[in-house]
Amino acid sequence: MPDDRPILLWFRRDLRLSDHPALDRAASSGRPVIPVFIHDEVVEGYKAAPKWRLGLGVGHFADRLAGIGSRLILRRGEALGVLQQLIEDTGAATVWWTRAYDPASIRRDEEVKSTLTGQGIEAASIPGHLLFEPWTVETKQGGFYKVYTPYMRAVWDRDVAPTLTAPSELRAPAQWPDSDTLDDWRMGAAMDRGADIVRAFVNVGEEAAQTRLAGFARNDIADYDDARDIPGQDGTSNLSENLTYGEISVRACYHAGMRALDDGKPGARTWVQELIWREFAYHLLFHTPRLVSDNWREDWDAFPWNEDERLAEVKAWKQGRTGIRFVDAAMREMYVTGRMHNRARMIVASYLTKHLMCHWKIGMHWFEECLIDWDPASNAMGWQWSAGSGPDATPYFRVFNPVSQLDKFDKDRAYVNRWIAEGQDDPHPDALKYFDAIPRHWHMSPDDDYPEPIVSHEDGRERALATYKNRDF
DNA sequence: TGCCTCTTAGA
DNA sequence: CTAAGAGGC
């Protein structure tokens with residue numbers, strides 16, 4: 001007699017029906033499937049914007065499951081205890097989930113797996129978040145890659161399996177276990193900025209992500225190479241938000257990019273290489289989990305970073321009033337939309353870690369607070385890359401000039417004018433939204449004079465380079 | 001996925 | 001005077 005006991009399908013950052021290997025396996029087993037999302041110790045650690053955005057994704061995904069005759073069971077508590085309770089309540093014999101690679105998730109998942117396995121439950125993680133498992137990519141010497149380009153070359157010609165189609169139905173259990181109500185979790189509670197303002201810029205869910213991918217591949221990917229560098233225009237895919245919550249699979253993106261490349265759209269190669277940057281970040285994080293917490297190159301521990309969040313320059317940077325237009329526009333864009341253009345991310349990171357000589361962790365934590373596309377691997381790698389403390393990092397002496405970058409990448413000032421209201425006769429509506437989104441105690445008004453630079457490019461560059469030159473490492 | 005300064009060739 | 005390349009940070 002075939003096993004008819006339910007399968008618990010534990011969803012985390014994989015909120016989709018399409019190209020979901022664990023879901024596909026569960027659906028084709030013919031057994032009852034109980035999808036569950038747990039507000040657990042890892043979710044507890046999420047900061048304001050990511051937690052809020054995750055809540056939107058979870059709510060949407062519950063509706064998706066309802067559309068195929070299933071449900072999303074919501075429970076709160078430590079993951080292991082919640083799963084054990086659900087096993088007891090439902091008679092489930094199996095727990096499957098999509099594998100995660102950040103240190104907090106790995107700790108949790110290893111404990112869940114070993115404990116449940118010890119209790120006779122089949123507990124297994126199934127790939128689905130990445131194109132290439134981190135341990136399958138090795139240098140000739142047998143180590144992991146520390147430099148992007150050789151990593152990219154090593155994986156470029158690999159076969160990537162085709163995508164899986166979404167199941168049209170999912171067998172329900174004889175009886176559904178109890179579920180919490182999403183609203184009771186108040187996942188937006190820490191979103192004490194204009195969440196209703198940010199809401200206008202988010203793109204929640206699997207269908208929205210697929211529509212976005214199709215439009216990007218059809219209209220924008222050919223010119224991605226050049227257009228991606230212009231923050232005043234919408235030349236990027238904007239899919240990071242969906243990728244981070246698994247609302248679209250990286251495999252679907254990869255195949256769309258490769259098809260576009262075959263169709264003779266040259267920018268597609270660069271875009272696929274950006275997907276491989278994401279892979280590389282997870283590769284590094286898996287092999288060196290301290291990427292999220294410590295200087296990857298330990299000699300940087302001796303560098304005199306400012307680590308005090310209360311420093312006036314740190315506040316000015318966070319609040320978008322450094323007096324450097326490119327920096328302030330970018331910080332405001334992030335506050336209003338939950339996203340920041342990638343070119344701008346490099347510029348604000350260079351300014352914080354070099355001109356202001358502040359530790360990259362300050363920046364990493366603020367991004368984690370504000371970004372709806374927050375990804376633990378990409379965020380940590382990006383900051384260490386910018387600061388110069390990471391593997392394959394930009395050298396510390398490579399200091400972006402945030403003034404001349406405007407002439408290169410924002411010639412018509414479309415970007416800074418979109419996000420900075422002060423001094424404009426007829427400010428862009430988005431520039432005004434910033435003042436509705438920020439807390440009152442920041443005391444900022446569109447009628448203020450735009451501030452003088454707190455640290456000019458020339459002074460900041462000179463100080464940073466002098467400090468670097470005199471370093472004792 | 002730098003920026004700056006210096007040098008030199010050529011208009 | 002400008003453009004382009006080299007080399008240092």
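We name chains A, B, ... by the order of the sequence lines, and we start the count at 1 in each one.
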Q: So which of residues 375-394 of chain A are in contact with DNA chain B, with a heavy-atom cut-off of under 4.0 Å?
A: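 Residues of residues 375-394 of chain A that come under 4.0 Å of DNA chain B do not exist, since none gets that close.
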Q: Could you tell me from which nucleotide to which nucleotide of DNA chain B, 5' to 3', there is an atom under 4.0 Å from chain A heavy atoms?
A: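 Answer, 5' to 3': B:dT1 to B:dC4.
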Q: Is A:Ser404 touching bases, backbone alone, or none of the nucleic acid, heavy atoms closer than 4.0 Å?
A: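 Result for A:Ser404 = sugar-phosphate.
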Q: Do NZ/NE/NH1/NH2 and the carboxylate oxygens of A:Arg108 and A:Asp40 come within less than 4.0 Å?
A: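 A salt bridge links A:Arg108 with A:Asp40.
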Q: Provide, to the nearest angstrom, the distance between the CG atom belonging to A:Asn401 and the C1' atom belonging to C:dC9.
A: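 Taking CG of A:Asn401 and C1' of C:dC9, I get 15 Å after rounding.
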Q: Whether A:Glu241 and A:Arg53 form a salt bridge (side-chain N of Lys/Arg under 4.0 Å from carboxylate O of Asp/Glu) is what I want to check.
A: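 Yes, charged N to carboxylate O under 4.0 Å.
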Q: Is the count of non-hydrogen atoms from other residues, nucleotides or ligands lying under 6.0 Å from A:Glu41 atom CD greater than 12?
A: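 Count over threshold, so yes.
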Q: Check DNA chain B against residues 452-463 of chain A and give the residues with a non-hydrogen atom under 4.0 Å, in numerical order.
A: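 Going residue by residue through residues 452-463 of chain A, the ones with a heavy atom under 4.0 Å of DNA chain B turn out to be A:His457, A:Arg461.
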Q: Test of understanding: with salt bridge (charged side-chain N to carboxylate O under 4.0 Å, His left out), list the residues that count as partners of A:Asp14, not counting sequence neighbours.
A: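 Scan of A:Asp14 (salt bridge (charged side-chain N to carboxylate O under 4.0 Å, His left out), adjacent residues dropped) gives none.
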Q: Apply ring pair (Phe, Tyr, Trp, His ring centres under 6.0 Å) to A:His341 and list each qualifying residue two or more places apart in sequence or on a separate chain.
A: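 Applying ring pair (Phe, Tyr, Trp, His ring centres under 6.0 Å) to A:His341 gives none.
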Q: Over all heavy atoms of both residues, which pair between A:Ala195 and A:Met191 is shortest? Give the atoms and the distance, please.
A: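 Of all heavy-atom pairs spanning A:Ala195 and A:Met191, the closest is CB-CG, 3.6 Å.
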Q: Identify which one of A:Phe303, A:Trp305, A:Tyr396 satisfies the ring-ring contact (aromatic ring centres under 6.0 Å, His included) criterion when paired with A:Tyr468.
A: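 Of A:Phe303, A:Trp305, A:Tyr396, ring-ring contact (aromatic ring centres under 6.0 Å, His included) with A:Tyr468 is met by A:Tyr396 alone.
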Q: Only counting residues at least two apart or in another chain, list the ones meeting side-chain hydrogen bond (donor to acceptor under 3.5 Å, both in side chains) with A:Trp300.
A: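 side-chain hydrogen bond (donor to acceptor under 3.5 Å, both in side chains) list for A:Trp300, sorted by chain: empty.
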Q: Salt bridge or not between A:Arg332 and A:Glu422? Use side-chain N to carboxylate O under 4.0 Å.
A: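 Between A:Glu422 and A:Arg332 there is a salt bridge, with a charged N closer than 4.0 Å to a carboxylate O.
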Q: Report the distance from atom CD1 of A:Ile372 to atom CE of A:Met334, rounding to the nearest 0.5 Å.
A: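 Separation between the atoms: 11.5 Å.
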Q: Just to be sure I understand the rule, does A:Lys408 reach a base, reach only the sugar-phosphate, or reach nothing, if contact means heavy atoms closer than 4.0 Å?
A: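 A:Lys408: backbone/sugar contact only, no base atoms under 4.0 Å.
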